[in-house]
Amino acid sequence: MKAIRVHQYGGLEALKYEDVPVPTPGTDEARVKIEAVGVNFIDIYHRIGRYQGSLPLTLGQEAAGIVDAVGSNVTDVKPGDRVAYASVQGSYAEYAITPTWRLVPISAGVDSQQAAAVMVQGMTAHYLTHSTYPLKAGEAALIHAAGGGTGQLLVQIAKRRGARVIGTVSTEEKARLAREAGADEVIIYTQTDFETEVKRLTNNIGVDVVYDSVGKDTFDKSLNCLRRRGYMVLYGQSSGSVAPVDPQTLNAKGSIFLTRPFLAHYTADRAELLGRVNDLFKWIAAGELKVRVDKTFPLAEVAEAHRYLEGRHSKGKILLIP
Ligand SMILES: NC(=O)c1ccc[n+]([C@@H]2O[C@H](COP(=O)([O-])OP(=O)(O)OC[C@H]3O[C@@H](n4cnc5c(N)ncnc54)[C@H](OP(=O)(O)O)[C@@H]3O)[C@@H](O)[C@H]2O)c1
């Protein structure tokens with residue numbers, strides 16, 4: 001089968017499209033014939049070595065497809081089942097092995113591309129709004145990169161919870177997408193100082209929570225956008241890593257809270273995983289959650305997909321098709 005592997009960390013040239021043996025599932029595992037692979041920022045971090053594992057590494061942590069073989073102890077899935085998963089390494093391939101507890105059945109009314117598209121970004125938007133800082137009706141949230149993949153889902157789910165959403169984006173086109181997702185106000189932060197604008201929009205009170213995936217370029221000003229005892233949820237670093245923070249800063253900014261959450265810690269068991277995915281699939285099937293697949297690329301063109309995401313072009317989900 002074909003797979004995308006990294007033998008040495010590096011730029012786009014590190015992505016190797018190779019022939020590897022079709023893997024065999026262990027006793028509690030299944031093999032999935034992959035139909036759609038989700039591309040995520042974490043894959044770039046694995047490619048460049050910001051997050052290190054053992055090499056060679058098959059990239060990718062998210063996919064949807066059909067179970068085609070199972071291990072001897074497996075009773076919960078069978079060949080032919082439509083499934084999706086996240087947080088298991090090795091999805092940039094024609095076939096992948098996963099522990100079966102990580103597989104979720106894809107509901108009727110949800111196609112493979114939609115399922116692959118929400119396993120990471122959708123579950124992230126779900127846990128951020130329901131668990132990390134459970135948004136309540138009438139509260140105000142600042143969502144950075146609101147026209148991106150996670151951003152558009154986060155805006156929609158925050159609106160479902162009744163929050164007022166202020167989004168930031170870099171371009172007019174992304175501003176339109178953030179508004180279509182439901183953002184009440186959109187700031188083009190490449191043209192307008194978002195801290196000044198958020199203070200104006202909230203009568204200098206600040207927002208209850210900032211969901212920040214941009215990191216280096218937005219972190220300091222985001223702290224200044226919070227109300228007293230507000231929540232700074234730093235969940236990514238698309239623009240680069242944030243410098244260390246002195247705890248005294250949290251006091252000086254109004255006894256604020258700071259967290260750096262991670263999807264795997266919010267889908268740590270089967271019940272939590274299914275609870276989140278089943279909400280997402282239910283909303284998609286009912287037409288209440290719009291999943292925007294921005295671009296699909298053949299697996300062999302993975303370098304173009306990484307170039308697109310790194311180049312700040314993503315306006316929804318990016319998928320690879322084996
Ligand atoms: N902690 C978790 O559990 C978790 C889970 C999923 C994703 N994440 C993180 O969330 C972030 C967003 O992921 P995503 O897959 O949904 O991507 P995305 O939001 O579709 O794309 C990244 C966005 O970040 C913005 N950005 C700002 N500065 C950038 C820069 N210098 N280079 C590239 N992009 C820049 C861009 O929006 P503008 O052009 O509008 O600024 C871009 O569209 C990533 O940092 C990822 O690691 C974290």
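Start at 1 and go down the list; that is how both ligands and their atoms are numbered.
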Residues 62-83 vs ring-ring contact (aromatic ring centres under 6.0 Å, His included), sequence neighbours excluded, gives none
If you look only at distance, which donor and acceptor atoms sit under 3.5 Å apart when one is on a side chain in residues 314-322 and the other is two or more places apart or in another chain?
residue : atom : partner : partner atom : Å
Lys315  : NZ   : Tyr308  : OH           : 3.4
Lys315  : NZ   : His313  : O            : 2.7
Lys317  : NZ   : Val39   : O            : 3.3
Lys317  : NZ   : Asn40   : OD1          : 2.9
Lys317  : NZ   : Glu62   : OE1          : 2.9

Geometric class of the His306/Tyr92 ring pair [parallel <30°, tilted 30-60°, perpendicular >60°] = perpendicular
How many angstroms lie between atom NE2 of His126 and atom OG of Ser131, to the nearest 0.5 angstrom?
-> 7.5 Å
Do we get Arg31 above Tyr95's six-membered ring, with its NZ or CZ under 6.0 Å from the centre and within 45° of the axis?
-> yes
Which ring-ring contact (aromatic ring centres under 6.0 Å, His included) pairs, counting each pair once, include a residue from residues 202-243, with sequence neighbours left out?
-> Tyr133-Tyr231, Tyr231-Phe257
How would you list, by chain and number, the residues with a heavy atom under 4.0 angstrom from ligand 1?
-> Phe41, Tyr45, Val120, Gln121, Thr124, Tyr127, Ala145, Gly148, Gly149, Thr150, Val169, Ser170, Lys174, Tyr189, Ser213, Val214, Tyr235, Gly236, Gln237, Ser238, Ser239, Arg260, Pro261, Phe262, Leu263, Leu309, Glu310, Arg312, Ser314
